[in-house]
There are 2 protein chains.
Amino acid sequence: MQDSAGTDTAAAIGPCAGIPADRMAFIRQVLDRVGDKWSMLIVAVLEDGPLRYTDLQRQIPGISQRMLTHTLRQLQEDGLITRSAYAEVPPRVEYALAPLSRGLKDIVMELIRWASEHHDDIRANRAQSGAASSSPS
Amino acid sequence: MQDSAGTDTAAAIGPCAGIPADRMAFIRQVLDRVGDKWSMLIVAVLEDGPLRYTDLQRQIPGISQRMLTHTLRQLQEDGLITRSAYAEVPPRVEYALAPLSRGLKDIVMELIRWASEHHDDIRANRAQSGAASSSPS
DNA sequence: CGGTATCCGCTAGGATACTG
DNA sequence: CAGTATCCTAGCGGATACCG
């Protein structure tokens, strides 16, 4: 707690849009890490339970090995997921959510639910905006 | 649209995540739109009330006109924010959250709060992982 | 004030091939 | 099975200059 004025960081955003510029920086960092395409999907998929590498690949259609590996490492380095490698043959590696991501998982699920519920509206709006050329001479 | 048959493994996400592989596609789209660096910040800042262009620039340190304008257009086209231009002099343009983003705003605020609360842990974990190369003699 | 347009570096991220 | 390494392109995103 660095703020002596008693202004809770999160609370400060509510009453006043004046988010201290300092906070903005790390919020951006976290958002950038956690908010990218694949991280959220991985967290969401892992929410159901531990999964192996290839299972993750199958669960997340369209992800490349490169991105899967990369994102997993990022999440692992941030302590959001754990990697358990079993030295057996064939080798098995399981990824699971770490305690740290308990709260995040919840938020991600909400976000996904929101996306599910409103993607129609969004698409509609998007189409409407794009359809501005519906007035030929 | 390459995958139409077979793997019911996607159904394995079902219980809690409940993400049919089909949904995954548009979820990715929404996540991609909403999950980029600036969109969330703009939504967060706008949560407090309508703001003008320059105000947004001030509230979000580090954003360029290009990105501000671009992101605002995206959000607007998705119907997440509204743009009100008043033809007066000097010209005034106000951006505000649209009804559609009511729920999103909430989630974003939660995410930011989570980021605020756990960025220390994340940084610690990140540093620890990076410190693996403390090659002692 | 509230943008638009252009140049440009950087890197996210896919495809492919190879390894332990 | 679980990655690593390399190549390569699209577009993100900053800086700058200019317009209504």
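Fair warning: this is a prediction, and the values are worked out from it, not measured in the lab. Proteins come first, then strands; the chains are lettered A, B, ... in the order of their sequence lines, and each starts at number 1.
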Are there any protein N/O atoms within less than 3.5 Å of an N/O atom in nucleotides 14-16 of chain D, and if so, which ones and at what distance?
from, atom 1, to, atom 2, distance (Å)
dG14(D), OP2, S64(B), OG, 2.9
dG14(D), O6, R66(B), NE, 3.0

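- Atoms CG (D36(B)) and C1' (dA10(D)) sit 16 Å apart, rounded to a whole Å.
- In this structure, Y86(A) atom OH and dG3(D) atom P are separated by 13 Å, rounded to whole Å.
- Spacing between atom CZ of R33(B) and atom C1' of dG11(D) amounts to 13 Å, rounded to whole angstrom units.
- One finds no salt bridge joining E77(A) and R73(A) here, because no Lys/Arg side-chain nitrogen approaches an Asp/Glu carboxylate oxygen to under 4.0 Å.
- The CZ atom of R73(A) sits 13 Å away from the C1' atom of dA5(D) (whole-angstrom rounding).
- Between R126(B) and D78(A), the shortest heavy-atom distance links the atoms NE-OD1, 2.9 Å.
- Under a 3.5 Å cut-off, the side chain of N125(B) and the backbone N or O of D121(B) do form a donor-acceptor pair.
- The phosphate of dC1(D) (OP1 or OP2) has no side-chain N or O of Y95(A) nearer than 4.0 angstrom.
- For R113(A), the CZ atom sits in a loose shell: 12 or fewer heavy atoms of surrounding residues, nucleotides or ligands are nearer than 6.0 Å.
- If you take CG of L68(A) and P of dT4(D), they are 11 Å apart, rounded to a whole angstrom.
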For DNA chain D, the expected dot-bracket line (Watson-Crick or G-U under 3.5 Å, [ ] crossing, | inter-strand) is ||||||||||||||||||||
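- Across all strands shown, T54(B) has heavy atoms under 4.0 Å from sugar-phosphate atoms exclusively, and none from any base.
- The main-chain N or O of R33(B) is found under 3.5 Å from a side-chain atom of S39(B) such that the two form a donor-acceptor pair.
- As rounded to whole Å, 18 Å separates atom P of dA12(C) from atom CG of L41(A).
- Proximity of R52(A) to the phosphate of dA2(D): a side-chain N or O atom is located under 4.0 Å from OP1 or OP2.
- Relative to the side chain of P91(B), the nucleotides dG3(D), dG20(C), dC1(C) differ in distance, and dC1(C) lies closest.
- Annotation for W38(B) and M67(B): closest pair NE1-CG, 3.8 Å, computed over non-hydrogen atoms.
- The CG atom of D36(A) sits 8.0 Å away from the NE2 atom of H70(A) when rounded to the nearest 0.5 Å.
- In this structure, L72(A) CG and R83(A) CZ are separated by 9.0 Å, a value rounded to the nearest 0.5 Å.
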Hey, can you pull the donor-acceptor pairs under 3.5 Å for the side chains in residues 95-111 of chain B, sequence neighbours left out?
from, atom 1, to, atom 2, distance (Å)
S101(B), OG, L80(B), O, 2.9
S101(B), OG, A98(B), N, 3.4
S101(B), OG, A98(B), O, 2.7

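- For R92(A), the listed nucleotide lying nearest its side chain is dA2(D); candidates were dG3(D), dT4(C), dA2(D).
- One interatomic measurement links the two molecules: CG of L56(A) to P of dC1(D), which rounds to 14 Å at whole-angstrom precision.
- The nearest whole Å value for the distance from the CG atom in D55(A) to the P atom in dA2(D) is 7 Å.
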